[in-house]
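Since the structure comes first, as structure tokens, the remarks are kept for the end.
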There are 2 protein chains.
Amino acid sequence: MTRIDDVARLAGVSTATVSRALRGLPTVSAATRRRVLAAAEQLQYAVSPSASRLAGGKTGTVAIVVPRITRWFFGTVVEAVEDFLHRYGYDLLLYNLGGREQTRRRVLRTANLDKRVDAIILVATPLRPADVAALTRLALPGVTISSGSGVPGWPRVRIDDVAAGRAATRHLLDLGHTRIAHISGDPDDELAFTTHLDRRRGYHEALRAAGIRPDPSLDVESQFTIDGGIRATTELLTRGEPPTAIFAACDEMAMGAMSALRDAGLRVPHDVSVIGIDDHDLAGVLGLSTVAQPAAEQGLLAARILLDPLGVRAADPYPGLVPYGADTDADEGSPRSVILPTRLVVRESTAPPRAN
Amino acid sequence: MTRIDDVARLAGVSTATVSRALRGLPTVSAATRRRVLAAAEQLQYAVSPSASRLAGGKTGTVAIVVPRITRWFFGTVVEAVEDFLHRYGYDLLLYNLGGREQTRRRVLRTANLDKRVDAIILVATPLRPADVAALTRLALPGVTISSGSGVPGWPRVRIDDVAAGRAATRHLLDLGHTRIAHISGDPDDELAFTTHLDRRRGYHEALRAAGIRPDPSLDVESQFTIDGGIRATTELLTRGEPPTAIFAACDEMAMGAMSALRDAGLRVPHDVSVIGIDDHDLAGVLGLSTVAQPAAEQGLLAARILLDPLGVRAADPYPGLVPYGADTDADEGSPRSVILPTRLVVRESTAPPRAN
DNA sequence: CTGAAAGCGCTTACAG
DNA sequence: CTGAAAGCGCTTACAG
């Protein structure tokens, strides 16, 4: 294994100079830099991250924690973050909670992240007070994406879930529906986090604004997954007269609902309209109406916000990559928290209720 | 920041003993171990990975390289690998190529991985000779999943893509179809790798075995994505009389095909049958017939195979997690290469051709 | 602009 | 079973 002193010897300089030249520090003459780079190239030299980190006090690594990488939203966020961070030379450590409380605790609470990363991105991760305390104790920069309770001092990137729930419900109301069901996360579902509470609130608000009292029998709790949508819808259909429309808290649940409705012999949207939230990759294929949220943009924005306290040089070498017009969420008291806009996308799964 | 000598002082032992006790080495008395653990607990001590790695010569980190984490197969593989490796205390460094040749080269060829990880998992990553040479030079253990060209000495985990293509095509033939189209990856599509070549070969073999000469006008190249499926199918429909069935090289393409057919006013399976390969999460919802491949199992198996050369203690503390009965691919000359079985799953998207 | 030297926080022979 | 000491391969003041 070639080390820094091999390069130093070949280039005829000290290891300190090699270190400086290789990292592009300005205090190296052009001629010296050239010689060092040539020597490093010739020897196929790669700096040892461990040694560099120990000496330099930085890990060059960011941790990202997601509930389930296989869900559309989280996969899309991770992809965007990975792309951005690698451009700036950061490594991405992936933690996939997989709905296991034990894993969540191990990742957040133990000394796991300590000394291992320079910063943390938490995506829709439930945080108990003890977790927040542990994260605060780490004293690292961090960002949360679509997380309910934040970490003091950490910016937050998210959408307005209440508004999204309202928009979805209002779309159904505008079509003339009055028996509108809602399927969403249950309290035990770690993946749902608090997102489902906000979306449900939007549902209730929209109904009440239309003079409709929410009917508990039309409100079913389940998991934020395809299967969760299937189960919730099946349950809904056993409760008596079916609703004329279903608002699912995420597209995956909406897809499950479409599947369950079809299996029950009901047509979408002829018998029942369905709308979700997300704008999943496959929403178009399924003709699913939805309230679109910008997933990749949330990841990109979070990554960019994170790089700032890490003292990353270039301000934004990829202008245009990050969406403009993001509102600063001043209420939070956090630096540069951001709420990104959502957008109603009407496809074939919603229509006026059948006249009967 | 508390360091190892803080713990040593509090426990009244040397740092060497703290190091041994914390890592569970057997050469520490029970009483001493207890005192060390208590001291570490009390001080909230976390070992510095950088220092530990530099001194110990191991990074405790595995790199996984995937074309696109957002595609079903890759997301599922990463989730399984992450779970398995974290159980054994390894960190997972994620590299998402995103179809960028430049990124692929940066990750594989430069000194990127050198000294940074203990082992590498390559998922469906195209390897040019220079890449193979670079990987070989690293002299690290590795595994490839569903990759065409392997790395000498690295085990391979995959399915038999030719057989999968054959099975899908034969299913359509068995239903009575003779005008069977195929949509698959094109040579420029990094994501498709060589997988599409094998699946196409299976298609050709099955046709020929049935006495049908492959019709080039029914064979369309596109991307391994939903959009790719849409484009390929649209192209197919412009070429004259539509086929009575389409075999798509992956479920995402098949879903795109279903969407394009619907947009063209054709019904599935009444007018055109569609089958894919994968058994995507949403295949059930869409009623898509497919040749199922075990994605999580390929990830798990690859992770387990990888841990062996890393000298991980426990053989398999999670028996049953990894599928048995995997055939050893002796031809390869690689240690413990494995081919996992696929399975035809018939749903509603395939039916006999319409009588006309 | 460059170098000598200390130091980052561990682990590992080696000795006992 | 335990400790003293060297060493892992860099980076960073400090001095010039």
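In this text, all values refer to a predicted model and were calculated from it rather than measured experimentally. Both backbone and side-chain heavy atoms feed into the values below; hydrogens, waters and symmetry mates do not.
Listed nucleotides D/dC1, D/dA4, D/dC10 differ in distance to A/Val47; the shortest reach to its side chain belongs to D/dC10. When distances run from any side-chain atom of B/Ser52 to the nucleotides C/dG9, C/dT11, D/dC14, the shortest one goes to C/dT11. Comparing C/dT2, C/dC10, D/dT2 against the side chain of B/Tyr45 picks out C/dC10 as the nearest. For A/Val28, counting side-chain heavy atoms from C-beta on, the closest listed nucleotide (D/dT12, D/dG7, C/dT2) is C/dT2. Considering only the side chain of B/Ala51, C/dC10 comes nearest among D/dC10, C/dC10, D/dT2. When distances run from any side-chain atom of A/Arg20 to the nucleotides C/dA4, C/dC1, C/dC10, the shortest one goes to C/dA4.
The pair B/Asp308-B/Arg304 does not count as a salt bridge, with every side-chain nitrogen at least 4.0 angstrom from each carboxylate oxygen.
Mapping B/Gly12 and B/Leu54 onto DNA chain D by nearest heavy atom places B/Gly12 at the nucleotide closer to the 5' end. Residues B/Ser48 and B/Ala16 both approach DNA chain C. Their nearest nucleotides, taken by heavy-atom distance, put B/Ser48 toward the 5′ side. Mapped onto DNA chain C by nearest heavy atom, B/Ser50 and B/Leu25 fall at different nucleotides, with B/Ser50 at the one closer to the 5' end.
Atoms CG (A/Asp114) and P (C/dG9) sit 12 Å apart, rounded to a whole Å. The nearest whole Å value for the distance from the CG atom in A/Leu22 to the C1' atom in D/dT12 is 16 Å. In this structure, B/Lys58 atom NZ and C/dC10 atom C1' are separated by 14 Å, rounded to whole Å.
Remark: D/dA15 base-pairs with C/dT2; criterion is Watson-Crick or G-U wobble with both hydrogen-bond distances under 3.5 Å.
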Kindly indicate, with the supporting measurements, whether the criterion side chain to side chain contact (heavy atoms under 4.5 Å, CB included) is fulfilled by B/Phe73 and B/Val66. CA-CA 10 Å; B/Phe73 180 72; B/Val66 296; over 6 Å; no
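Listed pair A/Thr27 / C/dC1 fails the phosphate criterion, with no side-chain N or O lying under 4.0 Å from OP1 or OP2. Contact annotation: B/Arg3 does not reach the phosphate of C/dG7 (side-chain N/O to OP1 or OP2, under 4.0 Å). For D/dC1, neither phosphate oxygen OP1 nor OP2 lies less than 4.0 angstrom from any side-chain nitrogen or oxygen of B/Arg35. Taking only side-chain nitrogens and oxygens, B/Thr17 comes nearer than 4.0 Å to OP1 or OP2 of D/dG3.
For the residue pair B/Arg104 and B/Asp131, the shortest heavy atom distance occurs at NH1-OD2, 2.6 Å. In this structure, A/Ala295 and A/Val77 approach most closely via the heavy-atom pair O-CG2, 3.6 Å.
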